[in-house]
Amino acid sequence: MSARTAFAQWLHHAADSDIWWSFKSSTTTVVAAAVTFLIIAMAFLAPVIAPHTPFDPGTLSLSDGLKPPVLISSDGDWSFPLGTDDQGRDVLSSIMYGTRLSLIVGFASVIVAMVLGIGLGLISGYFGGTTDAVIMRIADVQLTFPAILVALLIDGLVRGLISSDRHDEIATFVIIGAIGLSFWVQYARTVRGSVLVEKNKEYVQAARVIGLSPAVIMVRHVLPNVTGPVLVIATINLGLAIITEATLSFLGVGLPSTQPSLGTLIRLGNELLQSGEWWITVFPGITLALLVLAVNLLGDWLRDALNPKLR
Amino acid sequence: MLAFILRRLMQSVAVLLAVGLVSFSLFRYVGDPINAMVGQDTPAVEREALRVKLGLNDPAPIQFVRFIANAAHGQFGLSYRTAEPVSRMILERLPATLELSFCAALFALLVGIPMGVYTGLYPRHWTSRLLQAVSLIGVSLPTFLIGILLILFFSVILRWLPSFGRGETVTIGWWTTNFLRWKGLEALILPSITLGLFQLTLLMRLVRSEMLEVMRTDYIKFARARGLTNRAINFGHALKNTLVPVITVTGLQLGSLIAFAIVTETVFAWPGVGQLFIQSVQFSDIPVMAAYLMLIGLFFVIINLVVDLLYFVVDPRLRGQMGRRAGAH
């Protein structure tokens, strides 16, 4: 069987599934998926489709500074459709590059949280005893604090440990780590719960009898049973992670202004808001809100679609 | 009942000790307090002498006990950034944050619960659908963006309300309050809405789904059959039974209000502890960070304790259970 017919078969199978049917029948979800896809495409094609390269100082000219958007004012310039900021950077291009960074940080921190949470959840559930108690008590204490506070604390800690110019270089990784570390608890709890249910079932006992190692049993046999709930948490967390990154960057402790994400752009624009240059803040803000709203709607749908109680 | 409270108190103390351990580790292992106290060309011998004098060479457990004892007395040392006592810095700014969080919580409760009741009673009415849709957008908008948009409309375009600071305040003892001056109250409006909006949408959705569930139950039908007025059914029977989850969420959200005040305070240049914390993160001012962490930990523990006690007030079944269990012993 060639790869093409296999793919066609998979496609046929997918088109027949419940998930696809529930996706198709919800207009909101289809629109949300389309918006998410468009924003992701826009962000990752930024180097190709953006009209300007806003963070290359050589291409900037101060005489282009503070141009209003074309549709609102006759002072606008068609080569800067959404206007420019005080440095003459094109707002549209900044948004494209900024969204790309926001998405990269969002996805990466969700993956960090997921790997960490799944790992600790598996260990906690499978081994039980003291290991389990220690991991779950840490989780409890961390859960008393909102994620943003944990992320802020980790960021402040890293700032204390390394010098500030080194910090700008690795700021992206610090933020990814900080957000990832603040969201692992939910995964760990879910996975642990499932492991506790699965580990006494006959198929796991059988796997143990034929001498498979705990690691193999967990990854090959227990893990596939928790993909559904983990996927739902991950989607809902993606929206949260993007908001958290934007908030940290807005507070000035996230990504530096040399690598601006949507949050950094909003912070920079906010300084000019009082003098009436609203477009520098509002357009990145709308992009951020649209992206998070679309991802949240997808998350809500996925949660309902995978919930057997609601079928 | 007493045993339950004691057990909860023990747990609270354990959580506070854990938070204290994190704070202490920050102090002990991040940065060097000696560097903040002496000049760059102080010889190593003098530094060592200072170290011994301050007890920094003692074993870590002894230092930890000392740290907790000092913390219990409200002493967190001097800020690395301003060299002021940390406790005074925090105490000066605490009223601003507490008043803001209080107003935000009040706003969320007074608007969110009625909205939830309404959308729960008339789920198919178009206003309910509209409120539902708007609440979804409210959940997706980050707090700081809501603040910026409110400033744009009400301060920059309409010029109705101030966009930063506390306006006029009155000092009573060490407490500065916004409530006694018109300008102070005016300055509270936008920050409170910003901070409370997320909690409002959360409460509205929660009350709505609880109301939908309760209205389907038999005792509501029975109350109708008894010919009670709608008002008595909706508020006396239905709303009362949604209160347990509402109290839980309100309590837990009260804690995150204080934490999210960090963001709101930054947007509105509100001189509270949140703003202080952000500044200390930027400068990695460890004493202030550690003190703030302990303070937030204390708030969370107290709130959780109060929420647990409120269950007894609201839910007569719990009281009965506890009484019976206590009687059996």
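Note that the structure is predicted; figures quoted are calculated from it, not measured. In what follows, chains are A, B, ... by sequence order, proteins preceding strands, each numbered from 1. The figures that follow rest on heavy atoms only: side chains count, while hydrogens, waters and symmetry mates do not.
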The interface call for B:Ile303 against chain A, heavy-atom contacts under 4.5 Å, is neither

Take B:Phe299 and B:Leu98 through the side-chain contact (heavy atoms from CB on, under 4.5 Å) test and state the conclusion after the steps.
CA-CA 11 Å; B:Phe299 277 142; B:Leu98 289 183; 3.9 Å; yes

Run the side-chain contact (heavy atoms from CB on, under 4.5 Å) check on A:Ile138 and A:Trp184 step by step: do they pass?
CA-CA 11 Å; A:Ile138 294 175; A:Trp184 66 275; 4.2 Å; yes

As an exercise: rank A:Val295, A:Leu153, A:Ile148 by heavy-atom pairs under 4.5 Å with chain B and give me the winner.
A:Leu153

Check whether B:Val19 gets within reach of chain A through its side chain, its backbone, both or neither, counting any heavy atom under 4.5 Å.
side chain

For A:Thr281 and A:Asn270, test the side chains for any donor-to-acceptor distance below 3.5 angstrom and give the result as yes or no.
no

No-hydrogen, no-angle side-chain donor-acceptor test under 3.5 Å, A:Ser249 and A:Glu245
yes

Taking it one step at a time, do A:Ile95 and A:Met42 satisfy side-chain contact (heavy atoms from CB on, under 4.5 Å)?
CA-CA 10 Å; A:Ile95 289 177; A:Met42 175 195 87; 4.3 Å; yes

Considering only heavy atoms, which portion of B:Ile148 lies under 4.5 Å from any heavy atom of chain A: side chain, backbone, both, or neither?
both

Between B:Val267, B:Leu152, B:Asp285, B:Val15, which shows the greatest number of heavy-atom pairs under 4.5 Å with chain A?
B:Leu152

